[in-house]
Peer 1: 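Sending over a structure as structure tokens; questions will come in a sec.
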Amino acid sequence: MKFSEYFLPTLKETPSDAKLASHKLMLQAGMIRKVTAGVYDYLPMGFKVLKKVEEVVREEMNRAGCQEVKLPIIQPADLWRESRRWDDYGDEMFKLSDRKDQEFALGPTHEEIITDMVRNELSSYKDLPLTLYQINDKYRDEIRPRHGVMRSREFLMKDAYSFHGSQESLEETYRDLYDAYARVFDRLGLDWYAVDAPSGLMGGSYSQEFIAVADEGGEEIAVCDECGYAANVDIAAYKPSEDEAQVELKELEEVETPGKETVAAVADYLDVPGQKIVKTFIYSTDDGYLAALVGGNDELEETKLSSHLGRSDLEMVSTESEIEQVTGANFGSIGPIGLDIPIYADADIKAMKNFIVGANRNGYHLKNVNWERDLEDAKFTDLRRVQEGDRCPRCGDELDFYRGIEVGQIFQLGEKYSRALDAHYQDEDGQLKPYLMGCYGIGISRVIPAIIQQNYDEDGVKWTEAVQPFDVGIIVLDDEGSDVFEYGSYLYDELSDRGYDPLFDDRDESPGVKFNDADLIGLPVMIIIGPRGMKNGELEVEFRAGGKETVKIDGVPRGEVADRIGDLLNR
RNA sequence: CGGGGAGUGGCGCAGCUUGGAAGCGCGCCUGCUUUGGGAGCAGGAGGUCGCUGGUUCAAAUCCAGUCUCCCCGACCA
């Protein structure tokens with residue numbers, strides 16, 4: 001490609017509304033332009049990179065035995081009503097209607113569509129298993145789109161769906177797809193972790209996310225380097241504390257704590273460590289109230305509570321009047337003792353003795369509370385968020401915490417959609433059974449900012465080999481008609497003929513502009529041909545990753561120079 | 001949805017407090033000079049000041065409403 005003919009509008013100044021490096025660089029390097037919040041144009045170079053990501057994914061999906069299809073973006077509301085997700089997905093969906101007032105959605109995902117497609121065709125166990133995938137735009141009316149194509153409302157996703165007659169088959173495909181994903185992200189050059197994940201709106205039993213490590217990422221994960229345990233912090237488990245040594249159980253005692261409404265204030269007032277206090281949260285459900293208890297310095301993880309209880313109707317009681325009605329006290333003094341509601345306590349505080357809770361009487365707390373005597377009905381389970389210093393639930397080694405960008409997620413969905421959509425097959429005994437399903441997504445468009453976020457410097461992008469938009473740049477530092485330009489022109493043709501993808505910077509621009517653009521757009525190698533080098537009988541080859549080579553051209557046949565450059569490109 | 005901020009040539013911004021000729025830098029066009037890390041000189045094109053209404057002799061500027069966008073948070077790939 002000749003730069004002068006390529007639609008590659010680089011920006012000297014960085015757009016003010018971009019904060020993240022990947023967002024800035026994609027705009028500056030002329031890859032994307034914003035159309036409206038969360039919706040972007042891909043310019044030629046951006047699109048080229050996008051297609052490279054897509055191709056890596058497609059190759060690995062095909063290799064894993066998946067078949068590519070193309071499903072519609074416009075989807076009828078009826079299908080979504082059938083799966084009951086029309087309301088569950090809610091405002092997250094772009095909804096529209098046609099001239100007859102028929103309702104539709106722009107597909108945020110395709111479980112309904114694909115299940116509908118196969119339900120009339122896969123009628124025998126002999127047809128299973130089957131895995132289909134597509135690479136297609138998805139639409140989600142994000143609450144807050146941000147960081148360019150990192151979180152946008154229209155985005156390109158690879159989504160695959162598998163159908164099975166047995167859990168074993170589902171698990172086998174799940175493992176195969178896991179392996180395929182590992183190959184994809186390795187090939188793309190990402191530094192990534194696969195972590196246990198909540199399955200959210202998709203439903204299902206087991207799910208893992210693929211997280212590209214980046215400090216600016218929106219996901220937080222806990223990882224054990226010792227045994228390989230890795231989980232999204234929303235569900236990450238920890239190893240509970242050991243029982244405190246034999247301690248005498250002291251007498252329960254009500255103490256005055258006037259106006260002390262926070263853990264810190266109470267701890268300070270009573271001169272005890274904050275962790276000695278147990279926090280109480282009251283939740284309402286369709287079937288009444290319940291209490292959740294965590295340590296004073298811990299954070300209740302609602303995801304854990306709701307998945308432990310297996311219910312999605314949890315709502316934390318957050319108005320003064322309601323909390324008073326349930327406990328008889330205001331927020332600063334609520335506690336579990338004397339409440340006639342189920343009590344769930346975090347496993348980590350089970351070992352505590354003689355601790356402190358609110359007295360359910362304004363301005364008072366209870367000291368020397370003990371489970372076996374005062375709260376014998378409390379049920380213990382993992383309820384709190386993991387935190388710095390926690391130990392691995394499997395091996396006890398200390399957990400490491402990272403932030404990252406979610407680039408993929410795989411789910412064992414089970415029967416959720418096949419049941420809802422009445423999608424059955426007949427097994428060997430002639431029994432009608434719903435398929436077991438899995439689904440597997442990769443955020444193709446999000447992979448690009450993830451790669452950039454892991455590979456850039458102050459000058460611009462440093463592409464990984466799998467997605468680099470060009471193999472090499474040819475920078476000529478003289479105008480058309482000069483020997484310099486002519487030599488560059490020759491190398492451009494020659495390298496193209498040899499199967500490389502060069503960008504020939506033939507623009508009438510000053511050297512500084514050309515060098516800076518080359519760095520910005522991430523040309524992995526620059527071949528620099530200028531009058532100065534020409535005079536010395538040489539040209540320079542400069543690597544984006546660092547390092548420089550000089551190639552002698554004086555008296556050397558051009559073909560040999562091209563050979564030499566080819567060697568340098570291949571190393 | 002809560003909190004903060006911004007809408008002025010393609011991009012980045014000033015002007016608004018105190019109403020009175022729409023400016024600056026970059027980019028763009030023409031010509032000449034330049035050419036190894038974002039060149040110089042000269043000339044030029046380009047703007048419904050987000051939108052609607054109001055106040056006023058006069059509104060980018062004051063008032064009211066409205067739309068859009070950005071940042072932080074709760075949600076999600």
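Chain identifiers are assigned alphabetically (A, B, ...) following the order of the sequence lines, protein sequences preceding nucleic acid strands; residue numbering begins at 1 within each chain.
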Peer 1: Taking the C1' atom in each of B:rC1 and B:rC11, what is the distance between them to the nearest angstrom?
Peer 2: 33 Å
Peer 1: Look at the aromatic rings of A:Tyr89 and A:Trp80 and report parallel, tilted or perpendicular, splitting at 30° and 60°.
Peer 2: perpendicular
Peer 1: Expressed in whole Å, how much space separates the C1' atoms belonging to B:rU34 and B:rG40?
Peer 2: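 The same atom, C1', in both gives a distance of 7 Å.
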Peer 1: Describe the nucleic acid contact of A:Gly512 in one word from base, sugar-phosphate, nothing, applying a heavy-atom distance below 4.0 Å.
Peer 2: sugar-phosphate
Peer 1: Phosphate oxygens OP1/OP2 of B:rC69: is one of them under 4.0 Å from a side-chain N or O of A:Thr36?
Peer 2: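 It does, given that an N or O in the side chain of A:Thr36 lies less than 4.0 Å from OP1 or OP2 of B:rC69.
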Peer 1: CD1 of A:Ile405 versus P of B:rC76: gap in Å, rounded?
Peer 2: 19 Å
Peer 1: Rounding to an integer number of Å, can you tell me how far A:Leu314 CG sits from B:rA74 P?
Peer 2: 19 Å
Peer 1: Assess the pair A:Tyr178 and A:Phe210: is the distance between their ring centroids shorter than 6.0 Å?
Peer 2: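 Yes: the rings meet the under 6.0 Å criterion.
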Peer 1: Would you kindly give the CD1-to-P distance between A:Ile235 and B:rC76, to the nearest whole Å?
Peer 2: 13 Å
Peer 1: Would you kindly give the CG-to-P distance between A:Leu477 and B:rU34, to the nearest whole Å?
Peer 2: 17 Å
Peer 1: Are the ring centres of A:Tyr161 and A:Tyr417 closer than 6.0 Å?
Peer 2: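 A:Tyr161 vs A:Tyr417: aromatic centres not under 6.0 Å.
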Peer 1: Give a yes/no answer on whether the side chain of A:Lys12 brings an N or O atom under 4.0 Å of OP1 or OP2 in B:rG12.
Peer 2: no
Peer 1: Output the single nucleotide from B:rG38, B:rC75, B:rC76 whose closest atom is nearest the side chain of A:Glu219.
Peer 2: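 For the A:Glu219 side chain, the nearest candidate turns out to be B:rC76.
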Peer 1: Can you confirm if the aromatic rings of A:Tyr181 and A:Tyr440 lie within a centre distance of less than 6.0 Å?
Peer 2: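 That pair fails the under 6.0 Å test.
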Peer 1: Can you tell me how far C1' of B:rG36 sits from CG of A:Asp508, to the nearest Å?
Peer 2: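 Answer to the nearest Å: 16 Å.
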Peer 1: Rounded to the Å, how far apart are A:Tyr89 OH and B:rC75 C1'?
Peer 2: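 After rounding, the gap between these two atoms is 12 Å.
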Peer 1: On a whole-Å scale, what distance lies between the P atoms belonging to B:rG20 and B:rA60?
Peer 2: 10 Å
Peer 1: Can you say whether a donor on the side chain of A:Glu509 sits under 3.5 Å from an acceptor on the base of B:rG38, or the other way round?
Peer 2: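 Side chain to base: no pair below 3.5 Å.
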Peer 1: At under 4.0 Å, does any side-chain N or O of A:Lys138 touch on OP1 or OP2 of B:rC76?
Peer 2: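 Negative; the distance criterion is not met.
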Peer 1: Using a 4.0 Å heavy-atom cut-off across all strands, classify A:Met150 as base, sugar-phosphate, or nothing.
Peer 2: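 The answer is base, as A:Met150 lies within the cut-off (heavy atoms under 4.0 Å) of a base atom.
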Peer 1: If I pick the C1' atom on B:rG3 and the same atom on B:rG15, what distance separates them, to the nearest angstrom?
Peer 2: 29 Å
Peer 1: Who does B:rG43 pair with, Watson-Crick or G-U, both distances under 3.5 Å?
Peer 2: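 By the stated definition (distances under 3.5 Å), B:rC29 pairs with B:rG43.
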Peer 1: May I ask which nucleotide in the shown strands pairs with B:rG38, Watson-Crick or G-U wobble, both distances under 3.5 Å?
Peer 2: none
Peer 1: With a 3.5 Å limit on both atom pairs, tell me what B:rG73 is paired to, counting Watson-Crick and G-U wobble, or say none.
Peer 2: B:rC1
Peer 1: Using the side-chain heavy atoms of A:Phe515, tell me which of these nucleotides is nearest: B:rC70, B:rC76, B:rG37.
Peer 2: B:rG37
Peer 1: Please report, rounded to the nearest Å, how far the P atom of B:rC72 is from the CZ atom of A:Arg151.
Peer 2: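 Distance, rounded to whole Å: 11 Å.
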Peer 1: Please work out if A:Asp478 contacts a base, only the sugar-phosphate, or nothing of the nucleic acid, heavy-atom cut-off 4.0 Å.
Peer 2: nothing
Peer 1: Counting any heavy atom closer than 4.0 Å, what does A:Lys514 reach on the DNA or RNA strands: base, sugar-phosphate only, or nothing?
Peer 2: nothing
Peer 1: Which residue lies toward the 5' end of RNA chain B, A:Gly443 or A:Gln28, if each is placed at its nearest nucleotide?
Peer 2: A:Gln28
Peer 1: For B:rC72 and B:rG10, measure between their P atoms and round to the nearest Å.
Peer 2: 28 Å
Peer 1: Would you mind pulling out the nucleotide paired to B:rU61, Watson-Crick or G-U wobble, both distances under 3.5 Å?
Peer 2: none
Peer 1: Measure up the A:Tyr402 and A:Tyr193 rings against each other and bin them: parallel (under 30°), tilted (30 to 60°), perpendicular (over 60°).
Peer 2: parallel
Peer 1: Partner of B:rG9 by Watson-Crick or G-U wobble geometry, both contacts under 3.5 Å, or none?
Peer 2: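 Pair assignment: B:rG9 / none.
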Peer 1: Name every residue in residues 530-550 of chain A that has at least one heavy atom under 4.0 Å from any atom of RNA chain B, in order of residue number, or write none if there are no such residues.
Peer 2: A:Gly530, A:Arg532, A:Gly533, A:Glu540, A:Glu542
Peer 1: Which nucleotide, B:rA39, B:rC72, B:rG37, lies nearest any side-chain atom of A:Val513?
Peer 2: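 The answer is B:rA39, which lies nearest to the side chain.
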Peer 1: Select from A:Lys34 and A:Glu13 the residue whose nearest nucleotide in RNA chain B is closer to the 5' end of that strand.
Peer 2: A:Glu13
Peer 1: What interatomic distance, in whole Å, is found between P of B:rA45 and the corresponding atom of B:rC29?
Peer 2: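 These two P atoms come out 15 Å apart once rounded.
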Peer 1: Mind calculating the distance between CZ (A:Arg33) and C1' (B:rC69) to the nearest angstrom?
Peer 2: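 In whole Å, B:rC69 C1' and A:Arg33 CZ are 17 Å from each other.
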Peer 1: For B:rC72 and A:Arg144 - does any side-chain N or O of the residue sit under 4.0 Å from the phosphate oxygens OP1/OP2?
Peer 2: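 True: A:Arg144 side-chain N/O within range (under 4.0 Å) of B:rC72 OP1/OP2.
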Peer 1: For B:rC13 and B:rG50, measure between their P atoms and round to the nearest Å.
Peer 2: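 After rounding to an integer number of Å, I get 15 Å for this pair.
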Peer 1: I need the single residue from A:Arg81, A:Gln75, A:Arg85 that forms a side chain to side chain donor-acceptor pair (under 3.5 Å) with A:Glu112. Which is it?
Peer 2: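 One option only clears the test, and that one is A:Arg85.
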Peer 1: Side chain to side chain contact (heavy atoms under 4.5 Å, CB included) with A:Asp141: which residues, sequence neighbours excluded?
Peer 2: A:Phe94, A:Arg153
Peer 1: If you measure from the Lys or Arg side-chain nitrogens to the Asp or Glu carboxylate oxygens, is any gap between A:Arg58 and A:Glu68 under 4.0 Å?
Peer 2: yes
Peer 1: Within less than 4.0 Å of OP1 or OP2 of B:rG73, is there a side-chain N or O belonging to A:Arg146?
Peer 2: yes
Peer 1: Can we call the ring centroids of A:Phe470 and A:Tyr6 under 6.0 Å apart?
Peer 2: yes
Peer 1: In whole Å, measure the gap between the P atoms of B:rG46 and B:rG53 for me.
Peer 2: 27 Å
Peer 1: What contact category does A:Thr303 fall into here, base, sugar-phosphate, or nothing, at under 4.0 angstrom with non-hydrogen atoms?
Peer 2: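 Contact class for A:Thr303: none.
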Peer 1: A:Glu220: what forms a side chain to side chain contact (heavy atoms under 4.5 Å, CB included) with it, not counting sequence neighbours?
Peer 2: A:Val233, A:Arg385, A:Arg403
